[in-house]
Structure formats: C-alpha cells, structure tokens
Amino acid sequence: MTKETQHNRIQALDGLRAFAIIFVLLSHSSWKYSAQITLKLGDADFHNLIYNGWMGVDLFFVLSGFLIASQLLNRDLIKNNLKFFIARRFFRIAPTYYVAILITLFAYYIIPMIGTVPAQDLVQKWWFPVVAHFIFLHDYIGRDPSINGLFWSIPIEIKFYLVLPFLLMFITKLSKPTHRTLFVGGLFCLYVLCKTWAVYLDDHASSVTYSDYFLLYKTPFHFSLDGLIIGVLCAFILQNTALIAKWREGAAPNILFALGFALFAVNALSPHFTNDTATFFEQTLMTSLFALSFGLMLLGVVLGCFATGFLSAAFLRFIAKISYSMYLTHIFAISLQTTLVDMLSPYITAPTLCWLLILPIFFGVATAMAYIMHITVEQPFLRWSKEKFKYSESA
C-alpha cells in the first residue's frame, strides 16, 4: 500500500467522523418537534433515522477504539511513552471540554440567576456537579442537576484511554494475530451477554422511558463499551497482514461496507422507543448492532471500498476537523433553533417544513461556534501537547 493510498483511507475515516457528528446534530435538531417530523420515501421513514441520530456517538466510539488501539499497537506506545500518550489524550480532550462546561454553566445557570438567587445558593447547587464533570465521573455522580447532558460521552472516552493500554498489554501476550483477534471478538460477545443479563435482572427493565434508558443503560461507562470494543477488534483484524492481503485482492472491502451499511440502515430506519418506552431489545442489543455495523463499514473503508473516495471529500474532512468542538458547543445552536421555532410556528404550522427551514441556520450556527472554539482553544492545546509530550525515537 502506498503512502498516498494510506492517506486517502485515513481521510475517509474523517468522513465517517463527519457523519457521526451530523447524525448527532440531526437528532438534537428534532428535540423541539418530538415525533412530529415526517420524512418518508416509500416504506422508509427517515424520521426514525433523525430520531435515532444519537447513535452517531456510537460511531465516534468505534472510530476512537480503532484509532487509539492502532496508535498504541503501531508505535508500541504501551511499553514506550505511555505517560506521554495519556498526557496527549488528556490535553486533546480536557481543555476544550472544561471551557465548554464553564461557558454552559454561566450562560444557562449563573448569569440568568444573578440578582434573583443568592450567590451562596448557586455555589451550593453547582459545586458538586462541576467537580464531577471536571474529574470525568458525571456518568455516575453529579448528574442531578446536570450542567449539560450532551457531555455524557466525555468521561467514557477518558476512562477508555486509561483502561485500554493495560488491556492491550494482556492481549499482545498472545503470539498469533488470529488468537488476538478471536480474543477481542470473544470479549465483545461476553460483554454483550453480560450487559443483556444485567438489564434483564434489573427490576425496572420492563418499563423504562426514553429518557430513563439513557440515564440507566446508555450513558454509564460500563454500559457504553460496545463501540469501543468493536473499534479495538477492527484494529486487531487489520494487524493481521496475511488476512488483509487476501481481502484486498477481492470484493471483500465492498462486501464489508455494504453489509455494515445494510445493517445500519435496517436498525436506524426501524421505529425505536415508540410510546416513549424502551423495549428490552432497545435497552440491550440495539447499540451493539449499531457498533457492529459501524465496524464493518470501517473495515471496508480502510481496505479501500467504493465509498472511500466520497468519504475523503474536503467538506467532510472540515466537519470532522471541528467535530469535537461542534459536539461541545452545539447546545447553543439548539437554543437559537428553539427560539426561531417559537417565532415561526404561528405562521408555519407544518412541523416538518418549519424544521427544514430552520435546519440550515441550525447547522450554520453550530459550525461557526465550533470553528471559533476549535481555533481558539482546541487547536492551540493540541499543538502544545504534541510539542510538550514528544514521543522518543524508540517508540
């Protein structure tokens, strides 16, 4: 594989990252409308895709699991420079996240309350959630009140960065690539079984609302590992050079991507959480199937499938570049959209039309705010950390 080909395939992964944030924003853009948006093409109801767009976070997890595991394995960072690796990942995530927390806290809770609520009461109410968010434990504590529920995935990523190197230390003791791949595949199956069993044993599992599903079975770290493990599995599959050489010769890349896309489409377009209630399947296997579908597509893209060129498009790479900042700041675009809906709804009574008219403004504001955060906070800290925590030549 030439360096140019490798570069194109890395760019294609950026395309997947761009679609991940687009899915998330589409889902959040529909909050004001609840289930009123209707977008049908034949038997396919694209409202379900919009409503279930939160699964873009699962695509982020798959990409993160793959890229971080590949980086650790390819540069041997487990034995050399592990502390520098962890420092880089921290400064990649934390500074922008901390700034977003403070902006959200002051914009939504502190400034509006100044003059109406004693400062002591504000401190008493928010000090514990702030601490929980800053130490990346708000997937378990400090959730009520929550500063911003959209930040739920950040502590999962941080814990994953801390756990993965030690997991890889164990897995790499297996000498054969096939054994390593089978081990991670078995770990994924075991995880899905354990998660399913845990939900089954929960007394509340039979009657869980849409919001309670996220609180109980989606946002805690131990219930959110599907995509991350699948990403690690993809990394080990692509470490098997003999297998990959055979796959590249035939139609395997296109088949893998097509299978993944088909599984994704069936799962995403199917109605979920009807009557605001999560079924047992939705509580357990749904996100695992999303993760599996994204893993298949990722393999197809890295191997050079028919979608690689499209996913390498410049506009998708730009969205991917600011996707993290966009994830952290798009709550302000949601607020603007809510205001616009309240203004336009008396004149445009069709919810779908109103949503479509405001959607470009929503994405435009989200993009602008993300770009500002990216160039002022995210990018400077990223450059500083790369310079400060340089890997040694032995790694």
For this session: Could you pull out the closest heavy-atom pair between Ala12 and Ser312, with the gap in Å?
Result: N-OG, 3.5 Å

For this session: Kindly give the heavy-atom pair with the smallest separation between Leu16 and Leu59, and that separation in Å.
Result: O-CD2, 3.3 Å

Problem set entry | All salt bridge (charged side-chain N to carboxylate O under 4.0 Å, His left out) counterparts of Asp342, not counting sequence neighbours | Lys32

For this session: Taking the side chain as every heavy atom from C-beta outward, state whether Phe363 and Ile319 have any pair of such atoms under 4.5 Å apart.
Result: no

Exercise. Can the ring centroids of Phe170 and Phe183 be said to lie less than 6.0 angstrom from one another?
Worked result: yes

Seminar exercise, completed: Quick note, ring-ring contact (aromatic ring centres under 6.0 Å, His included) partners involving residues 249-269, not counting sequence neighbours, are Phe23-Phe264, Phe257-Phe306, Phe264-Phe294

Exercise. Do Ile237 and Ile244 have side chains that get closer than 4.5 Å, going by heavy atoms?
Worked result: yes

Exercise. Does the side chain of Ile86 reach to within under 4.5 Å of the side chain of Tyr161, using non-hydrogen atoms?
Worked result: no

For this session: State, yes or no, whether a side-chain contact exists between Lys159 and Leu137 at a heavy-atom distance under 4.5 Å.
Result: yes

Exercise. For the side chain of Ser335 and the backbone of Ile331, is there at least one donor-acceptor N/O pair under 3.5 Å apart?
Worked result: yes

For this session: Would you check if Met55 and Leu49 make a side-chain contact, meaning some heavy-atom pair closer than 4.5 Å?
Result: yes

Problem set entry | Tyr108 and Phe332 aromatic centres sub-6.0 Å | yes

Exercise. Under 30°, 30 to 60°, or over 60°: which ring-plane class applies to Phe151 and His133, parallel, tilted or perpendicular?
Worked result: perpendicular

For this session: I would like to know whether Thr287 and Trp54 meet side-chain contact (heavy atoms from CB on, under 4.5 Å); could you show each step before the answer?
Result: CA-CA 10 Å; Thr287 54; Trp54 46 262; 3.9 Å; yes

Exercise. How are the rings of Phe273 and Tyr213 set relative to one another: parallel (under 30°), tilted (30 to 60°) or perpendicular (over 60°)?
Worked result: tilted

Problem set entry | Leu73 CG to Ile68 CD1 distance, which is reported to the nearest 0.5 Å | 11.5 Å

Problem set entry | Results of salt bridge (charged side-chain N to carboxylate O under 4.0 Å, His left out) for Lys390 - residues two or more places apart only | Glu387

Problem set entry | Pair Phe136 and Tyr97, ring centroids less than 6.0 Å apart | yes

For this session: For the pair Tyr109 and Trp126, name the ring-plane relationship: parallel under 30°, tilted 30 to 60°, perpendicular over 60°.
Result: tilted

Exercise. Are Leu193 and Phe290 co-members of a hydrophobic cluster defined by side-chain heavy atoms under 4.5 Å apart?
Worked result: no

For this session: Give the intermediate values and the outcome of side-chain contact (heavy atoms from CB on, under 4.5 Å) for residues Met373 and Leu328.
Result: CA-CA 9 Å; Met373 179 71 88; Leu328 293 175; 5.6 Å; no

Exercise. Using the benzene-type ring in the case of Trp, are the ring centres of Tyr140 and His222 under 6.0 Å apart?
Worked result: yes

For this session: Walk me through it: do Lys195 and Asp226 pass the test side-chain contact (heavy atoms from CB on, under 4.5 Å)?
Result: CA-CA 10 Å; Lys195 183 174 75 168; Asp226 315 64; 2.7 Å; yes

For this session: Could you list the residues that satisfy salt bridge (charged side-chain N to carboxylate O under 4.0 Å, His left out) with Lys218, not counting sequence neighbours?
Result: Asp58

Problem set entry | Distance (rounded to the nearest 0.5 Å) between Trp152 CH2 and Phe214 CZ | 7.5 Å

Exercise. Looking at residues at least two apart in the chain, or sitting in another chain, which of them share a ring-ring contact (aromatic ring centres under 6.0 Å, His included) with Phe91?
Worked result: Trp384, Phe389

Exercise. Between Tyr210 and Tyr51, is the ring centre distance below 6.0 Å?
Worked result: yes

Problem set entry | Gap separating the NE2 atom of His47 from the CH2 atom of Trp355, nearest 0.5 angstrom | 10.0 Å

Problem set entry | Beyond-backbone contact of Glu157 with Ile154, side-chain heavy atoms, under 4.5 angstrom | no

Problem set entry | Set of salt bridge (charged side-chain N to carboxylate O under 4.0 Å, His left out) partners for Arg143, sequence neighbours left out | none

